[in-house]
Amino acid sequence: MTSVLDNIRASLVGLKMPRALEALDHTMQRIEQGEITAIEAIDALLSEEFTNRETRRVTMALMTAKLLPVKTIESFDFSFQPSLDKSRIMALAQLDFVRRAETVHFLGPPGTGKSHLATALGVACVKAGKSVYRATLAELIEALLKAEREGRLVEKLRFYTRAALLIVDEIGYLPISNGGANLFFQLVNARYEKGAMILTSNRGFAEWGEVFGDPVVATALLDRLLHHAVVVQIEGASYRLRHHTDLIPEHIRANAPISPPPPPKRRGRPAKKEATINPYG
Ligand code: ADP
Ligand code: MG
């Protein structure tokens, strides 16, 4: 004769709920000890299983989305970038721009946290159960060129169009071939008003003709990418070089591609909350 407990075990196995099965004996003991009620026990078992599955889902989704190492809004030190309005970033983290299929641009010199913030918004999106994919512009174009050579372009474009949020990192660092620029345009056009994008660049929009090697394609790209867009410009010092500003020659510091160099009082300013910063947190 099978007991109720054996029945529960069989059901948990059949339903593929290993965490709840593991927690069953301990939960039963807690009921016997009078620590929890029966209804609290049901809650505990289901929560165990749910939390475990949710953690696994998020970990897998972060891997497929190429969002590792994880960055978060919480681990971003806003006091290091006074030009950045924290409330704007917090508003973006509500993810309405994803629902509205809008475009967010992070512009600024190297090391100012563009990729960090883009990744952090991507992570928030994954946690909210939406699909995300992140790549550098160079990776994206290389994959599209390869797919085109192999006759799989339509399939590849469909793959990049499927994610609710596409993050295109590092626009402007590497020169883009003519074919590459055209393929990127096809992708942007396919996603236009259908899916959200986050783009990061160290170059101003006026330089996109140069970046994409063709002013006509650049204009067509910007036409789509600036319609329904939020532009966040970060003007400040590199977080990577925060301890080494004195070692950087003046002419390089002054060559920040978008914005003039930060005012002298901010240069070389050490990060205040060094001990509490965990960039991978
Ligand atoms: P960018 O993409 O603008 O070149 P990143 O976002 O890659 O810069 O930032 C460089 C490194 O510094 C990353 O490890 C990032 O997590 C960290 N970082 C940048 N800005 C901040 C900040 N304000 N607070 C905490 N970490 C930061
Ligand atoms: Mg970057």
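Reckoned from all heavy atoms, side chains included, excluding hydrogens, waters and symmetry mates. First listed ligand is number 1; within each ligand, the first listed atom is number 1. Counting begins at 1 with the first residue of the sequence. All values derive from a computational prediction rather than experimental measurement.
The closest approach between Thr112 and ligand 1 falls below 4.0 Å for a heavy atom of the residue. At least one heavy atom of Ser75 sits closer than 4.0 Å to an atom of ligand 1. For Gly111, the closest heavy-atom approach to ligand 1 falls below 4.0 Å.
Between Tyr133 and Phe159, the ring center distance clears the sub-6.0 Å criterion. Ring pair Phe76/Phe78: centre-to-centre distance below 6.0 Å.
With no hydrogens or angles considered, no side-chain donor-acceptor pair links Tyr239 and His116 at under 3.5 Å. Using modelled atom types and a 3.5 Å distance limit, the side chains of Thr136 and Asp169 yield no donor-acceptor pair.
Considering backbone and side-chain atoms together, Phe80 places no N or O closer than 3.5 Å to any N or O of ligand 1. At least one N or O atom of His116 sits closer than 3.5 Å to an N or O atom of ligand 1. Ligand 1 has an N or O atom lying under 3.5 Å from an N or O atom of Gly113, backbone or side chain.
Heavy-atom proximity to Pro110, at under 4.0 Å, picks out these atoms of ligand 1: 4 (O). The atoms of ligand 1 that sit less than 4.0 Å from any heavy atom of Lys71 are 13 (C), 14 (O), 15 (C), 16 (O).
Metal site remark for the Mg ion (ligand 2): Ser115 contributes an N, O or S atom at a distance under 2.8 Å.
The residues Arg203 and Glu210 are annotated as salt-bridged, a charged nitrogen and a carboxylate oxygen being separated by less than 4.0 angstrom.
Here CZ of Arg134 is found 11.5 Å from CG of Leu165. Values are rounded to the nearest 0.5 Å. Annotation: the span from Asn182 atom CG to Ser177 atom OG amounts to 8.5 Å, rounded to 0.5 Å.
When non-hydrogen atoms are compared, ligand 1 lies under 4.0 Å from the side chain of Tyr239 (C-beta onward) but not from its backbone. Residue contacts with ligand 1 for Ser238 are absent, since no atom lies close enough (heavy atoms, distance under 4.0 Å).
Tracing side-chain contacts under 4.5 Å through hydrophobic residues (I, L, V, M, F, W, Y), one never reaches Leu144 starting from Tyr192; they form parts of separate clusters.
For atom 10 (C) of ligand 1, the nearest non-hydrogen atom from the set Arg240, Arg242, Glu170 belongs to Arg240.
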